[in-house]
Every structure is written in structure tokens, then in C-alpha cells.
Asker: 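Attaching a single structure in C-alpha cells format; questions to follow.
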Amino acid sequence: MSKEELVILDCWVSPFCMGVKIALAEKGLEYEAREEDLFGGKSDLLLNSNPIYMKVPVLLHQAKPLCESTIIVNYIDETWPSPPLLPPCSYGRAQARFWADFIDKKLFDAGCNIWRSKGEAPEEAKREVIEILKQLEEALREKAFFGGDTFEFVDIITVPVTSWFHAIEKFGNFKVEDECPKFSAWMKRCMQRETVAKVLPNPEKVYEFLIMFRKMQGIE
Amino acid sequence: MSKEELVILDCWVSPFCMSVKIALAEKGLEYEAREEDLFGGKSDLLLNSNPIYMKVPVLLHQAKPLCESTIIVNYIDETWPSPPLLPPCSYGRAQARFWADFIDKKLFDAGCNIWRSKGEAPEEAKREVIEILKQLEEALREKAFFGGDTFEFVDIITVPVTSWFHAIEKFGNFKVEDECPKFSAWMKRCMQRETVAKVLPNPEKVYEFLIMFRKMQGIE
């Protein structure tokens with residue numbers, strides 16, 4: 001498939017964009033990534049492709065826009081079925097979608113409550129992140145990945161946010177590995193995958209980005 | 001199929017429960033609805049079936065729990081494919097899921113900002129509801145339903161919240177029909193469907209419920 005068929009309106013630090021790029025890589029699909037300028041102003045293409053939210057990621061497939069990362073990953077899986085990212089049975093798919101939705105709704109925002117705080121991060125914010133990770137550990141149980149033996153949908157939706165953990169740990173003064181060792185082990189397994197390692201940014205760069213962003217927002 | 005196979009942990013006034021019941025009705029499926037006591041305390045079955053959110057609706061299919069209304073409706077559609085609630089092509093399905101997600105995230109909460117206010121509803125809250133409905137009118141365009149000629153997924157996710165509009169209009173002192181006539185016309189078309197008319201509660205009862213609920217919460 002030619003590169004021009006798939007374009008992602010992208011931002012290197014957005015976990016939601018990372019989810020889409022990992023899914024594309026898992027399917028062996030080529031695509032063009034167009035970096036949106038977070039501070040300079042959003043492109044007309046982005047504003048026209050996603051008028052409701054005006055956010056990345058947007059995936060353009062043959063110029064048709066798709067928005068919302070979980071919906072995009074679902075679309076990628078349905079359009080290019082091999083290898084499958086969702087389980088074959090409808091109950092398994094419902095379970096996968098439930099966890100993806102949970103992570104979408106909860107994990108990123110909970111992490112933001114830590115790095116967005118002025119001064120010391122509130123204990124409540126840290127507790128919330130740890131609680132969410134413990135709930136994910138329960139879902140993981142003794143499996144290698146959320147899907148079982150293979151890296152799949154829920155793993156793809158979850159692993160990108162972990163690139164922000166180094167920063168969140170620094171601002172929050174705690175370590176995920178100490179609080180949630182099983183989750184930490186899962187993170188390491190995911191990072192061994194080439195598709196993940198190539199997409200996720202260097203956590204130190206995420207931390208530097210957030211330091212700069214906090215300064216811009218007047219949070220010191 | 002025997003009734004015992006499908007059980008919904010229900011609440012008569014919850015739009016999220018209504019969506020599931022409409023979807024089941026559209027598929028001609030029999031089910032048992034167990035009303036949860038909103039104020040007396042949630043059942044053990046609910047708390048065990050949905051430990052993450054502890055909320056209705058929960059659909060139990062052969063005793064296996066499914067949570068989150070949009071995910072449940074998706075499951076119903078995949079498990080009993082006829083008649084289909086989602087379009088056949090993956091792009092159409094992604095569009096339908098996008099709008100269902102938008103409505104899930106925005107419409108109910110925006111309405112709540114009106115009836116939850118003490119005293120007069122804030123103008124901003126009213127503007128937000130109207131803006132969302134106008135965005136939905138744009139998605140609807142000249143179609144009879146969101147899916148086109150047939151009543152489908154997005155209609156099923158959207159129509160239940162409209163049972164709260166009479167109450168929201170009273171608290172907010174505005175009329176949806178005046179502000180968004182196209183959306184209002186769509187509501188009337190949906191109400192002509194037996195599956196919808198049987199499931200949606202009497203809007204006056206919803207209004208009475210909210211008056212009582214506001215008193216309980218100390219919002220007069």
C-alpha cells in the first residue's frame with residue numbers, strides 16, 4: 001500500500017497518537033505522520049478533519065478522517081484483519097473494549113492530576129493513579145498481556161501512557177515498580193516489542209516537555 | 001431463547017439502561033429486567049458484576065456480565081447480527097461509534113448541569129446543551145435517522161436522553177423544539193417506533209423524579 005493512503009495527524013508526546021501508530025505498525029502498514037504544532041496553531045487539515053474536538057490523533061485513510069484513538073484502532077483492526085488485535089468471540093471483544101474504555105477515561109487524566117499540580121502533588125492524585133494500576137493488575141492476573149499470550153488491543157491502548165510515568169513518578173515522588181510490580185513487569189514486556197519501542201518516546205524527553213509545559217502554564 | 005439467558009440490572013430512569021433495552025427489543029430478544037434500588041442500596045449482584053463502576057446497566061448473558069451501555073449494545077449487535085444495528089462497512093461503523101461516544105461523553109452530563117443547578121440554570125449550561133444538539137443536527141443532515149433510512153446504533157444511544165428533555169426544558173426555561181427543530185423532528189420519528197415508545201419512561205415521571213432527587217440533594 002502506498003504511503004499516501006494513510007496519514008496520521010500526529011503529536012510525538014500524545015499517548016493517544018502512539019496507540020494508533022503502534023496499531024498501524026502491528027499490522028505492518030506504512031503511513032505518513034504529520035506532526036501538528038502544539039503551540040504554533042493547529043493545521044487547517046486538523047480543524048477540518050476533526051471539527052468536533054479539534055484534537056490529534058486523526059487518521060486519514062484515502063483522505064477520509066477518523067477520530068478518537070480507540071475508535072481508530074478498532075477501525076484499523078476491522079479494515080486489516082491480520083494479525084487480529086481483538087479476540088474472535090464477541091464476549092472477549094466486549095471485555096477488551098471495556099478495559100480500553102476504562103483506560104481512556106481514567107488513566108491519562110489521573111496522571112495529569114499529578115503533573116498539573118502546583119508545588120507538591122496531592123496524595124489523593126497519587127492514590128488514584130496507583131488504584132487504577134492495581135485494578136489493571138487484577139485484569140492482567142498471571143497473563144503475559146491483557147489479551148493473554150499475545151500483545152493486543154488493550155495492551156496497545158494502555159502502553160503509551162506509560163511513557164509519561166517517568167515524569168509522573170518524578171512529580172509525584174513515587175515509583176510504579178514499587179507500588180505495582182506486576183504492571184511494571186508488563187510494561188517491560190511491552191517495551192521488548194519493536195512496534196512499541198519504536199513508537200514510544202524517550203521518557204526523559206516527555207519529562208523535559210512537561211517541565212517546559214508547566215512553566216508555560218505558570219505551574220512551578 | 002429462554003428469559004433466563006438475558007438479565008439486565010436496570011433502573012427505569014437511566015438513559016444508559018434504556019439504550020440496552022431498546023437494542024434488545026430491536027433484536028426481538030426476551031430478557032428479564034431487575035430494577036436496582038437507587039436509594040436503598042445496590043444489589044450484591046450488581047456490585048460483583050460491575051466492581052469497577054458499580055453502576056447500571058449491566059447485562060448478564062448466560063450469567064456473564066457486560067458493562068457500559070455502548071459496549072453492551074455493540075455486543076448485542078455482534079452476538080445477534082439480525083437486524084444489523086451498525087453499518088456493514090468499517091468506515092461507517094467507525095463514524096457510528098464516534099457519534100455514540102460523543103453523545104455518551106457530552107449530552108447527558110450537559111443536561112445534568114442544567115437540572116443540578118441551584119436556583120436558575122446557568123445560561124452557559126443551556127448554551128452547551130443547545131450547541132451539542134446543533135452538532136447532532138449537522139450529523140443528521142436530511143436523513144430520517146443517524147444511520148440513514150433505518151433506526152440504528154447512534155439513534156439507540158441518543159434517543160434515551162431525550163426522555164429527560166422535558167425536565168431539562170422546565171429547569172432551564174427553554175424549548176428544544178424552538179432551538180433545534182430538526183433534532184426535535186428526529187425525536188418524534190423515534191418515538192413512533194414501538195421499541196422506543198415501550199422503553200422510554202413518561203417524561204413527566206422523569207421530571208417528578210428529578211424534583212424529588214433535587215430535594216434529597218438539597219438543591220432547590
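Each chain gets a letter, A, B and so on, in the order its sequence line appears, and its residues count up from 1.
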Asker: Testing B:Asp77, B:Asn74, B:Thr79 for side-chain hydrogen bond (donor to acceptor under 3.5 Å, both in side chains) with A:Ser90, which one passes?
Answerer: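 Among B:Asp77, B:Asn74, B:Thr79, the one that satisfies the side-chain hydrogen bond (donor to acceptor under 3.5 Å, both in side chains) with A:Ser90 is B:Thr79.
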Asker: Would the number of heavy atoms belonging to other residues, nucleotides or ligands and lying under 6.0 Å from CD of A:Glu138 be above 12?
Answerer: no
Asker: Roughly how far, to the nearest 0.5 Å, is OH of A:Tyr75 from SG of B:Cys89?
Answerer: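 Nearest 0.5 Å value for the SG-OH distance: 8.0 Å.
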Asker: So, the side chain of A:Tyr91 versus the backbone of B:His61: is there a donor-acceptor pair under 3.5 Å, distance only?
Answerer: no
Asker: Is any side-chain heavy atom of A:Lys64 less than 4.5 Å from a side-chain heavy atom of B:Gln95?
Answerer: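 Side chain of A:Lys64 against side chain of B:Gln95, heavy atoms only: no contact under 4.5 Å found.
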Asker: Does the gap between the ring centers of A:Phe98 and B:Tyr53 come in under 6.0 Å?
Answerer: yes
Asker: Check whether more than 12 heavy atoms from other residues, nucleotides or ligands sit under 6.0 Å from atom NZ of B:Lys106, and answer yes or no.
Answerer: no
Asker: Top residue by heavy-atom pair count (under 4.5 Å) with chain A, among B:Ile71, B:Asp101, B:Leu66, B:Thr70?
Answerer: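 Most pairs with chain A among the choices: B:Ile71.
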Asker: Just wondering, do A:Glu68 and B:Lys105 contact through their side chains at under 4.5 Å, heavy atoms?
Answerer: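 Sidechains of A:Glu68 and B:Lys105: in contact.
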Asker: For the CG atom on B:Asp149, are there more than 12 heavy atoms of other groups (residues, nucleotides or ligands in this structure) within a distance under 6.0 Å?
Answerer: no
Asker: Find the distance between CZ (A:Arg97) and CD1 (B:Ile72) and round it off to the nearest 0.5 Å.
Answerer: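 Result: 13.0 Å between the selected atoms.
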Asker: For A:Pro65, which atoms come within 4.5 Å of any heavy atom of chain B: side chain, backbone, both, or neither?
Answerer: both
Asker: Would you indicate whether A:Lys175, at its atom NZ, is surrounded by more than 12 heavy atoms from other residues, nucleotides or ligands within a distance under 6.0 Å?
Answerer: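 It does not: A:Lys175 NZ has 12 such atoms or fewer within range.
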Asker: Taking everything shown except A:Glu177 itself, do over 12 heavy atoms lie less than 6.0 Å from its CD?
Answerer: no
Asker: May I ask you to check whether over 12 heavy atoms, not counting those of B:Lys55, lie within 6.0 Å of atom NZ?
Answerer: no
